[in-house]
Amino acid sequence: MQFKLVSDFKPTGDQPQAIKKLVNNIGKNIRNNVLLGVTGSGKTFTMANVIQKIQKPTLVISHNKTLAAQLYQEFRDFFPKNAVSYFVSYYDYYQPEAYIPQSDTYIEKEAEINEEIDKLRLSATTNLLTRKDVIVVASVSCIYNLGSPVEYGKFVLELKPGVNVGMKSIMLRLTDLQYDRNEYAFERGSFRIRGETIDLFPAYKDTGIRIELKNDKIIKLSEFSPLTGDTIAILKGTVIYPAKHYMTDPQTYNSVFPMIRSDMEKQVELLKQSGKTLEAQRLKQRTNFDLEMIREVGYVNGIENYSRYFDGRAPGQPPYTLLDYFNHAAKDFLTIVDESHIALPQLRGMYNGDQSRKQTLIDYGFRLPSALDNRPLKFAELMQRLNQIVYVSATPDEYELSLANEKDAIVEQLIRPTNLVDPKVTVKPTKGQIIDLIGEINQRVSKKQRILVTTLTKRMAEELSSYLEEQNIKVAYLHSDIQTLERQDILDRLRKGEYDVLVGINLLREGLDLPEVSLVAILDADKEGFLRSRTSLIQTMGRAARHIDSQVIMYADVVTKSMKNAIDEVERRRKVQLAYNKKYHKKPVGILKGIRAKLIDEEITENKKYKDSLDFLTNLSQKEVLLPDEKESLIKKLRKEMKIATQNLNFEKAALLRDHILLIKNR
C-alpha cells in the first residue's frame with residue numbers, strides 16, 4: 001500500500017519549497033539533510049508531505065515519550081490508512097538491576113510493563129515484517145536490545161482453512177510463541193479453548209482470532225471483538241507472530257547451553273582467583289537457575305542478558321535493535337531526528353551509563369560478562385545502521401550542520417503559515433534593569449498581554465517573583481520542584497490572565513506554547529553558559545514568536561559571542577519573513593489557541609475513584625503508619641489509573657502516578 005496523506009490543509013508559506021528541496025535531496029541520495037524550521041512553521045506537516053512523496057518506510061526519533069506521543073498522534077491523523085506505529089519503553093515503572101558495593105545493596109530488576117505500549121511495540125515490528133507503508137515514531141528505546149528479527153520472523157504460526165492440523169499441535173505452537181492459556185481472563189497474549197474452537201488474542205492487535213476445527217482440520221478462521229465476541233471479518237488465512245520480542249529456539253539449547261556454562265565456569269574461576277568465593281558461588285547458582293527456567297518454559301526474567309548466545313553474536317558485537325527490523329524489512333528507509341539538537345546528545349550518551357552499571361553486576365557475581373552485550377548501540381553503530389537522515393530543529397547544532405555538507409543539504413523553513421515574524425531584539429544595560437522591566441511589564445499588562453522572565457539562578461527567580469508581587473504584579477514562579485500537573489496548571493492560569501508574568505530559570509524544557517506572550521525578558525544574558533548559549537538564547541527568544549507584537553529584551557553589560565550569534569540569526573530570520581510578507585502582501589495573524597481542560601478537572605474530578613485515591617494520598621503525608629490493606633488498596637487504584645493514562649499516551653499524568661506509587665511503596 002502507498003502512503004497517502006490526509007489533511008484539510010495544503011502546504012503554505014515556506015513549506016512547498018522545503019518539501020521540494022528535501023524530496024530532491026533524498027532522490028539524489030544525499031545522506032544527511034537538515035530542516036531548519038522556526039517555531040510554528042509546521043515542520044511535522046512538511047515531513048508528512050516528504051514521506052508521501054518519497055514513499056519509503058520512515059523512522060521518526062524523538063527525545064522523550066511525551067513528544068513522541070504527540071508526533072505519533074499527528075502522523076496517525078495524517079496517514080489514517082497506513083501503518084503508523086509507536087515504539088517507546090514499555091515500562092510504567094522500571095528499576096534496573098543494580099548492585100551498590102559501598103552498602104552491599106543488591107537491587108533486583110523490578111518492572112511493570114504497560115500492556116498497551118507492549119502491544120504497540122509488537123505491532124511496530126510486525127508491521128515492519130509484513131508491510132512497506134510503515135512509519136514508526138520512537139524514543140531512544142529504538143537503540144536498545146530487542147532480539148533478532150530473523151529469529152522473531154521464524155517464530156510464526158501460519159493458519160488457513162482446510163489445513164490438516166490438530167488442536168494439540170496448535171496449542172503447543174502457541175505456547176512456543178509465548179502465548180499463555182487462560183480460560184478465565186481473555187487478555188492480550190493469551191488463548192482459550194471452547195470445545196473444538198481456539199480463541200486467540202494476539203499480543204500486537206486489538207482484536208481476537210477464532211480458530212474453528214473439526215476432525216483435526218481448520219474449517220473456519222474469523223476475526224472477532226474480545227469484548228462482545230461479535231465476528232468482525234471472515235479470514236482466508238492469517239499469520240500469528242510471537243507474544244514477546246525475545247524468543248529462544250529449543251533446538252538451539254544443546255549448542256547454546258554448553259557455551260553459557262563454559263563462560264560461567266571461566267568467570268567463576270576468575271572470581272575465585274580474586275578471592276571472591278561468595279561471588280563465584282552466587283554466579284554459579286544464578287546462572288544454573290536461569291538455564292533451567294529457559295529449558296522448562298523458554299523464558300526467564302533477565303533473559304536478555306543471555307541474548308548474545310541465542311543471537312549467535314560474538315562478544316562485543318552490537319545487539320539487534322529496532323533498526324535491524326527496518327534493515328531486515330527494507331534496506332532503504334528514511335530517518336527523521338526530531339529536535340536533533342537534544343536527541344543526538346541523548347543518543348550519544350546512552351551507552352556509557354549502561355556499561356558502568358552492568359560491569360559492577362559482573363564484578364560481584366550477579367551476571368555473566370555477556371550482560372555487557374545486552375546494551376544500547378554506541379553512537380557510531382547507530383549511525384552505521386541509518387541510511388538517509390533528516391535532522392529537524394529550530395536550532396540545529398554544529399554537529400548535524402557539519403554532516404549536511406553537500407550543496408543545498410540545509411533546508412530552511414522560516415515562513416510561518418500565520419505569517420508571524422520573529423521578535424524584535426533589544427539589549428539594555430543591567431543598571432536599573434528591574435525598574436525598567438517593571439515598566440515594560442506594565443505596558444504589556446495594559447494590553448492584556450503576557451510576559452516571560454528568565455533568570456540564571458533559582459534564588460534570583462524567587463526574589464524577583466516576591467518583589468514583583470510587592471509591586472502588585474500578578475506573577476508566578478516556575479521551578480523544577482513543581483510537579484508536572486501543577487506546572488501545566490500554572491501555564492494555563494498564565495494564559496487565562498490569572499497571572500501576567502511567569503518567572504523561571506530554564507523555561508525551554510516546558511515546551512511552552514503560549515500565544516498570549518508578547519515579551520520575553522532575559523536577565524544576565526551576558527553570562528556565558530548552557531542557559532545563555534546561542535542555541536538556548538534562540539530557543540528562549542522563540543517563545544515570543546507566536547504574538548504579533550513580539551519583543552525580546554536582553555539585559556546585559558556586554559554583548560557576548562553567543563548573544564551576537566543568536567541576535568544575528570533571529571534578525572536574519574526576521575528580515576526574510578518581513579520581506580516575504582511585503583512581497584506577497586501578507587499580514588501576520590495572531591494565533592488563537594484554546595486552553596485545554598485541566599488534567600485534574602478533565603480526568604481526575606470526573607473519575608471519583610481516582611479523586612478518592614488522591615485525597616487519600618494527601619492524607620498519607622500526615623499519617624505516620626500506613627496499614628498493609630490501605631497500602632495495597634491505594635496502589636491498586638493508582639496503578640489502574642496509571643495504565644489508563646499511558647493507554648491515552650498521557651505520560652505526564654502517568655509519571656506523576658508512578659511517583660505516587662513509589663512513595664507509598666517506600667513508606
Side-chain angles (χ1 to χ4, degrees), residues 90 111 113 115 118-119 121-123 125-126 129-130 146-161 163-224 226 229 235 237-257 260 288-307 309-311 320:
Y90 55 15
I113 293 177
E115 291 185 7
D118 189 26
K119 180 208 79 174
R121 285 167 60 96
L122 287 160
S123 177
T125 51
T126 304
L129 295 178
T130 57
L146 189 62
S148 168
V150 175
E151 289 300 314
Y152 181 79
K154 283 180 183 176
F155 281 83
V156 297
L157 172 60
E158 294 187 42
L159 300 170
K160 285 185 180 181
V163 173
N164 291 312
V165 60
M167 178 174 286
K168 186 176 180 180
S169 297
I170 295 177
M171 291 169 57
L172 289 172
R173 187 56 177 164
L174 289 175
T175 303
D176 288 342
L177 299 183
Q178 298 299 320
Y179 286 91
D180 298 321
R181 181 174 178 177
N182 192 331
E183 299 295 339
Y184 302 101
F186 191 51
E187 301 171 333
R188 190 172 285 111
S190 68
F191 66 93
R192 66 190 180 195
I193 309 299
R194 295 288 185 270
E196 289 193 274
T197 298
I198 301 174
D199 286 346
L200 169 69
F201 200 156
Y204 46 88
K205 297 183 67 144
D206 291 317
T207 56
I209 302 294
R210 180 161 289 145
I211 309 163
E212 298 180 40
L213 300 103
K214 190 172 184 179
N215 299 326
D216 289 342
K217 185 177 183 179
I218 298 175
I219 59 170
K220 186 179 180 182
L221 288 175
S222 57
E223 186 177 3
F224 71 97
L235 304 176
T238 188
V239 177
I240 307 300
Y241 284 86
K244 291 183 174 66
H245 279 123
Y246 294 104
M247 299 299 299
T248 59
D249 186 351
Q251 295 181 2
T252 66
Y253 291 172
N254 290 335
S255 59
V256 168
F257 282 15
I260 297 175
N288 284 330
F289 172 79
D290 286 350
L291 293 182
E292 286 303 313
M293 285 292 292
I294 293 171
R295 184 180 294 279
E296 291 300 320
V297 300
Y299 189 80
V300 69
N301 190 26
I303 192 172
E304 62 273 11
N305 291 295
Y306 302 100
S307 60
Y309 300 102
F310 292 103
D311 293 345
Y320 293 106

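All of these numbers come straight from a predicted model, not from anything done at the bench. Values below: every heavy atom of this structure, side chains too, minus hydrogens, waters and symmetry copies.
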Spacing of CG belonging to L235 relative to CZ belonging to F224, to within rounding of 0.5 Å: 11.0 Å
Main chain of L122, side chain of T126: is a donor-acceptor contact present, judged purely on distance under 3.5 Å? yes
Check salt bridge (charged side-chain N to carboxylate O under 4.0 Å, His left out) between D199 and all other residues, then give those that pass, not counting sequence neighbours. R192, R210
Partners of E183 by side-chain hydrogen bond (donor to acceptor under 3.5 Å, both in side chains), sequence neighbours excluded? R181, R194
Kindly write out the residues that satisfy side-chain contact (heavy atoms from CB on, under 4.5 Å) with N288, not counting sequence neighbours, or none if the list is empty. R261, M264, K284
Taking R188 for the side chain and D206 for the main chain, is one N or O donor matched with an acceptor at less than 3.5 Å? no
Which atoms form the tightest heavy-atom contact between I209 and P202, and what is the distance? CG1-CG, 3.9 Å
Would you please name every residue forming a side-chain hydrogen bond (donor to acceptor under 3.5 Å, both in side chains) with Y204, sequence neighbours left out? none
Candidate pair T238 and E223, rule side chain to side chain contact (heavy atoms under 4.5 Å, CB included), full reasoning: CA-CA 10 Å; T238 188; E223 186 177 3; over 6 Å; no
Non-neighbouring partners of F201 that pass ring pair (Phe, Tyr, Trp, His ring centres under 6.0 Å), sequence neighbours left out: F186
CD1/I211 to CD/E196 distance, rounded to the nearest 0.5 angstrom? 13.0 Å
Would you mind reporting whether F191 and I170 have side-chain heavy atoms less than 4.5 Å apart? no
Supply the atom-to-atom distance L200 CG to L221 CG, rounded to the nearest 0.5 angstrom. 10.5 Å
Walk me through it: do T252 and S255 pass the test side chain to side chain contact (heavy atoms under 4.5 Å, CB included)? CA-CA 5 Å; T252 66; S255 59; 4.2 Å; yes
Contact summary for Q178 and A243, nearest pair of heavy atoms: O-CB, 3.5 Å
For L177 versus V156, what's the shortest heavy-atom pair and its separation? CD2-N, 4.1 Å
Any chance you could measure S169, atom OG, to L157, atom CG, to the nearest 0.5 Å? 10.0 Å
On a heavy-atom basis, the closest approach of V165 and L213 is O-CD2, 3.4 Å
Please tell me if the side chains of L146 and T125 come closer than 4.5 Å, counting only heavy atoms from C-beta onward. yes
Side-chain contact test, heavy atoms from C-beta onward, threshold under 4.5 Å: evaluate it for I198 versus L174 and give yes or no. yes
Hits for side-chain contact (heavy atoms from CB on, under 4.5 Å) against E187, two or more places apart or cross-chain, chain-then-number order -> N182, A185, S190
Gap between atom NZ of K214 and atom NZ of K220 - 0.5 Å precision: 13.0 Å
Over 60° means perpendicular and under 30° means parallel, so tell me whether Y306 and Y309 are parallel, tilted or perpendicular. tilted
